[in-house]
Amino acid sequence: MLLKGEKLIKRFGGLLAVDNVDFEVKKGEIFGLIGPNGAGKTTLFNLITGVMEPTAGSIYIDEEEVTKLPPYEIANRGISRTFQEIKLFKALNVEENVMLGMVSNSKIGLLNTILHSGTYKREKRRIEERAYNILEIVGLKHRIGWQAKNLPYGEQRMLEIGRALATSPKILALDEPAAGMNEQESDKLLETINYIRDKMDITIFIIEHDMKVIMSLCDRIMVMDFGQKIAEGKPSEIQNNPLVIEAYLGREE
Amino acid sequence: MEKRGFYLYKLIALILLVLGILFPLLVSDQYVIRIINMTFIYIILSMSLNLITGVTGQFHLGHAAFYGVGAYIAALLSVKLHVSFLFAFIAGGIGAGFIGLLIGLPTIRLRDIYLTVTTLGFGEIVRLILLNWVSVTRGPMGIPGIPYPEFFGIKIMSQIDFYYLIFFVLILSVVVLFRITYSRYGDILRAIRENELAAKTLGINTTIYKVTAFVIGALFAGLAGALFAYFSAYISPDSFTFAESINILAMVVIGGLGSMPGAILGAVILALAPEAFRFLAEYRMVVVGLLMLGVILWRHSGLIGEQTAIKFMNMKIGGK
Amino acid sequence: MFGQQIVNGLALGLTYSLTAIGFTLIFGVLGLINFAHGEVYMMGAFIAFTLVAFLGVNYFVAFLLAIAFSGLMGYFLELIAFRPLRNAIPEATLIATLGVSTFLKEFANIIWGPEVHTINTPFLSSSFALGGIQISVIQIVILIVSVLLMWGLQLILYKTKTGYAIRAISQDMGASYLMGVNVDNTIAMTFVIGSALGGAAGVLMGTYYGAFYPTMGYMPGLKAFVAMVLGGLTSIPGAVIGGIILGISETLAGAYISAGVQDAISFLILILILLFFPQGLSGKKRSA
Amino acid sequence: MKKILISLLLFVFAFSAYAMAGDLYFGLSAPLTGDYAQYGEVFKKGVELALEEFNEKGGLNGTKIKLIAMDSKGDPKEAANIAQKFVMDKRIIAEIGDFTSTCCLAAAPIYQRAGLVQLSPTSSHPDFTKQGDYMFRNIVTQEAEGPYIAAYAYKDLGKKRAAVIYIQNDWGIVAKDNFIKGFKKLGGTIVAEEKFNPGTKDYTNILTKIKGKNPDIIYIAMMYSEAALLAKQMKKLGMDVPLIGTGALYSPKLIELGGDAVEGLYCTSSFYPYSDNPVVKSFVEKYKAKYGQIPNMFAAQAYDAAGLLLAALKSINGKITRKKVKEALEAIKDYPGVTGLTTFDKNHNVKKQLTKLVVKNGDFVEFKK
């Protein structure tokens with residue numbers, strides 16, 4: 001079991017944003033998380049990436065408990081994520097954004113930087129090459145040298161995925177990656193996600209509203225509503241689950 | 001992939017270096033050299049504050065305190081304990097860096113204006129300690145009679161001697177601070193400024209980086225202070241006021257927040273302007289005030305903005 | 001003795017509070033530190049001084065005219081140093097206000113000369129004893145005016161259209177614009193009101209200490225900043241309380257430790273409070 | 001013919017180290033902006049008046065002495081910059097200033113190395129004249145004034161219990177130390193010793209504290225503008241204890257600012273504008289005519305500083321050099337200044353006759369037992 005959440009609870013004042021949720025993500029799968037707006041999906045993401053501390057419950061990566069670790073510790077244990085509201089480093093270049101995923105785990109330290117040592121130069125070259133590689137994967141090689149804030153919206157999302165990939169994660173957590181993308185872009189997204197799983201051997205945990213993306217992509221899907229897990233299973237099972245249909249339809253007027 | 005060729009900034013740095021070495025041979029006016037010496041000290045201060053406030057984005061209003069701590073440590077060591085120049089100079093830097101760590105660790109979790117006002121308060125506390133701890137600092141009497149620096153048998157006495165000493169330290173500071181700023185390490189600092197949360201989720205321990213930037217900035221300000229103490233041979237708390245912190249900040253902002261070449265230019269302008277307008281007597285600060293306002297209205301992100309500086313650092317000549 | 005010291009501290013604190021009200025209003029709307037606020041305070045004071053001392057205008061009339069003048073100054077300040085920089089980084093605006101502040105200080109130095117001036121207000125400076133504690137008329141006046149100004153400001157903020165617009169902008173400038181709030185006018189109005197309050201504080205402080213001089217705005221400007229942060233940045237009553245805490249702690253530190261360290265102590269208290277309440281005393285948590 | 005001769009002379013002198021072209025200059029380094037600007041301003045007025053008088057009388061055998069005034073803001077670093085500028089400017093033969101001792105001390109090594117007289121009208125820091133033989137001061141040191149005031153309080157006024165309030169700067173510390181030493185020596189007791197940082201305007205807390213100690217008199221080491229605020233605050237606190245202080249209190253401004261709160265304040269001064277001395281009378285008249293106000297002690301100190309230098313210039317035979325200016329200053333005996341007869345001792349300090357003053361009916365009058 002690569003990622004496991006046990007009895008996770010997150011309370012904001014009187015509101016239970018995540019209510020006693022258990023889940024498991026297996027190595028090598030694409031695991032989907034869906035649910036109506038306000039179901040607690042992003043909060044769950046924030047819990048597993050350490051952005052927020054759970055009120056109760058525990059989280060395990062590779063059997064190791066990581067429940068109250070700060071986000072950078074969790075990132076170093078193999079989870080990397082993107083954000084629903086894009087959080088790129090806007091003033092930095094496309095390639096710099098990607099490289100940042102690698103620097104903290106490289107041998108580029110303060111002293112090597114100041115001394116411009118051989119290690120620094122070697123690491124710098126290695127990082128740069130890998131960054132170009134990743135940009136190739138997410139299809140942004142033609143944007144090298146651009147400031148992140150000047151990219152079109154869809155490409156900003158792809159860049160965020162690239163940046164997350166750069167940390168060499170075991171699990172890539174994607175928060176609505178297709179939001180705001182056109183047909184062509186989301187096709188490219190699907191292709192990229194499959195590539196990442198198949199060729200790079202990275203497990204994917206994805207929140208998505210776009211049903212087409214979810215159904216064609218995921219091996220298993222978990223459904224949340226009002227902070228609770230209401231269903232889990234293969235896409236075909238989910239599609240026919242009455243609870244899920246009610247959760248979605250009941251919300252629409 | 002990468003264009004071959006020679007970095008433009010290296011060429012310019014080389015030209016400036018040669019000019020810097022030859023300068024005292026071309027200009028013999030002691031007054032001019034003194035002003036240039038002070039300007040060099042301000043460049044170190046402004047670059048060090050730029051690392052903290054510009055690159056890392058921690059709005060810091062108490063930089064004169066680090067400057068003062070460095071100056072006082074060096075002065076007290078040399079006057080009271082007769083410690084040699086090199087030791088006192090380095091101690092000034094390390095002492096200021098240590099104070100930076102002391103203040104940085106607990107306050108770094110404060111955000112935005114709360115951090116700002118804390119650094120302001122800290123700066124005032126340091127000045128008031130210098131002013132009131134008479135038994136150690138001699139309080140408002142200041143410390144006169146700081147001896148000439150002496151190392152490896154060289155005695156620094158004249159303005160020109162000081163010029164080369166300060167110029168050497170300046171080059172050292174420029175190399176270190178430019179390397180930090182325009183490197184992957186600098187990218188991390190900028191990333192923390194742009195979006196701390198995102199940086200954390202990439203596995204970056206942002207607290208360590210922020211504190212480190214704070215300490216490095218404090219350290220260089222301390223070195224500048226130690227140089228100032230030896231250079232002026234007399235120091236008093238009057239030189240390390242809130243107004244001085246603001247003055248250094250103005251250099252950084254006018255030059256371009258986050259831009260090291262900007263910090264240098266800003267320091268040059270604001271250190272020279274009051275001297276250039278000295279003939280105006282009581283009207284001079286009116287002009288300096290207007291100049292400050294004018295520059296910032298003309299170029300909102302400073303004379304050499306951060307992006308301009310980054311482009312400049314990547315510019316190459318020749319080759320393809 | 002202790003009672004008298006508390007009264008001393010309260011009076012000093014109120015002088016900080018009074019300055020902090022206008023400062024906080026402007027900060028609340030734009031989130032910018034206005035370094036020129038202390039100089040608006042000084043200019044307001046000098047206008048009143050000039051009217052009373054040279055033109056023989058009645059003190060109360062001069063007070064009102066000085067407030068009007070400060071408001072006008074606020075309008076021009078916004079036009080010159082803030083409006084062109086609205087989309088720039090906050091540090092740029094800060095340096096612009098610093099430029100204005102330097103200019104105004106030296107401008108006053110040239111016009112009125114560097115020395116300290118005073119105006120005679122025998123009634124205001126007279127004092128009386130109340131249960132062994134000395135209280136002066138001007139202290140009462142400052143107390144009343146502070147309360148009136150705070151009350152008046154809350155009325156403007158919560159009962160008028162302008163006030164509604166000001167509050168909307170302080171929440172979200174972009175959304176207010178989309179909702180049809182005239183952002184330019186409202187921000188200008190904020191500056192007019194904030195600066196008028198600053199001018200009022202200047203006149204009262206000049207009278208309280210009997211001293212009008214070009215650098216008189218520097219310290220109060222700094223203390224207003226600190227009081228505002230103590231009070232949690234955007235809360236007007238918070239700033240007033242922050243000012244009073246500052247005044248009392250300074251006075252007591254000076255009385256029972258040493259006046260040499262009183263400013264250091266007040267900054268130390270500020271830092272400690274911020275370490276335990278990183279959002280100030282009455283501040284709401286702002287999203288990161 | 002005369003012009004040709006002068007030009008010829010100039011041509012020759014242009015090659016010698018201290019050659020002077022045309023007019024001679026004094027440099028004035030003083031705070032013209034910032035917190036201390038009010039003192040720098042009267043410095044400038046006093047010096048300008050002295051030079052104007054001198055030049056009207058024909059100058060130095062036809063050569064006019066002019067002034068280059070520069071703003072130090074009270075910032076030691078600026079004072080040092082000015083010093084470097086002045087010593088490089090060969091037209092400048094002597095320097096007057098600065099106002100604060102910290103500025104004087106920061107500039108001292110530069111003047112000393114270059115051999116240019118730095119004559120401060122007000123620096124009373126004991127270390128100042130120890131910085132070298134080109135440093136002079138034209139103000140009574142607190143070593144002399146402190147015991148004098150102590151005697152004024154103890155013997156003349158019969159006060160035995162004194163409280164002390166001083167400003168936390170170099171001058172304030174030296175002033176109160178010397179007063180306390182003198183007062184204790186006479187057998188008096190110091191019941192309280194309170195300081196405040198420069199820039200403080202509210203003294204109510206230390207006053208309240210002192211009120212509880214019941215002193216007979218309060219010695220205040222501060223400038224007149226601060227003293228006026230303090231006196232007013234005492235009145236508001238219902239304190240009725242006499243104040244006494246140094247010559248820094250002597251200024252018509254004190255009464256203007258303090259009103260009836262400073263009534264009965266005692267101070268000493270080296271300068272008293274209503275003195276019968278004709279030198280003083282003429283100075284006060286001219287100053288009033290030119291600037292529309294009565295000069296204070298700082299104006300008088302600066303006026304005399306310029307006067308001393310001018311007298312020194314006059315006594316020089318032959319070519320004027322900076323070194324000769326210094327030697328001529330050292331040689332001056334009993335210069336009749338508006339602040340009294342002035343002679344520099346071997347440490348370049350001065351002794352002056354002090355007048356005891358008291359504020360009566362809104363004016364300074366000489367104290368008589």
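Within every chain, numbering begins at 1; the chains are lettered A, B, ... in the order of the sequence lines, protein sequences first and strands thereafter. No hydrogens, no waters, no symmetry mates; every other heavy atom, side chains included, goes into these values.
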Contact check, side chains of [X] and [Y], non-hydrogen atoms, under 4.5 Å:
| X | Y | value |
| --- | --- | --- |
| C:Val229 | B:Thr116 | no |
| B:Leu249 | C:Leu94 | yes |
| C:Ile80 | B:Leu293 | yes |
| B:Tyr283 | C:Phe107 | no |
| C:Leu98 | B:Met292 | yes |
| B:Leu61 | C:Phe225 | yes |

Least distance between heavy atoms, [X] atom then [Y] atom:
| X | Y | answer |
| --- | --- | --- |
| C:Glu91 | B:Val253 | O-CG1, 3.7 Å |
| C:Ala96 | B:Ile296 | CB-CG2, 3.5 Å |
| C:Leu85 | B:His300 | CD2-CD2, 3.3 Å |

Quick one: [atom1] on [X] to [atom2] on [Y], what's the gap to the nearest 0.5 Å?
| X | Y | atom1 | atom2 | result |
| --- | --- | --- | --- | --- |
| C:Ile95 | B:Ile246 | CD1 | CD1 | 6.5 Å |
| B:Tyr114 | C:Ile273 | OH | CD1 | 12.0 Å |
| C:Ile271 | B:Glu124 | CD1 | CD | 10.5 Å |
| C:Leu274 | B:Thr118 | CG | OG1 | 4.5 Å |
| C:Leu275 | B:Leu110 | CG | CG | 6.0 Å |

Between C:Pro114, C:Ala88, C:Ala92, which shows the greatest number of heavy-atom pairs under 4.5 Å with chain B? C:Ala92

Quick check on the interface: out of C:Ile33, C:Val226, C:Leu222, C:Val261, who has the most heavy-atom pairs with chain B under 4.5 Å?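 Maximum pair count with chain B is reached by C:Leu222.
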
Quick check on B:Ile129 against chain C: is it the side chain, the backbone, both or neither that has a heavy atom closer than 4.5 Å?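 No part of B:Ile129 comes within 4.5 Å of chain C.
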
Please rank B:Leu197, B:Asn132, B:Leu291 by heavy-atom pairs under 4.5 Å with chain C and give me the top one. B:Asn132

Pairs of heavy atoms under 4.5 Å with chain C: top-ranked of B:Leu120, B:Leu131, B:Ile254, B:Val288: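 Looking at each option in turn, the highest pair count goes to B:Leu120.
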
Should we count CZ of B:Phe277 as having more than 12 external heavy atoms under 6.0 Å? yes

Atom OH of C:Tyr75: over 12 foreign heavy atoms under 6.0 Å: no

Check each atom of C:Asn109 against the heavy atoms of chain B and say whether the ones under 4.5 Å are side chain, backbone, both or neither.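 Contact with chain B involves no heavy atom of C:Asn109 at all.
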
Proximity breakdown for C:Leu270 and chain B, heavy-atom pairs closer than 4.5 Å: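 Side chain of C:Leu270 only, per the 4.5 Å heavy-atom cut-off to chain B.
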
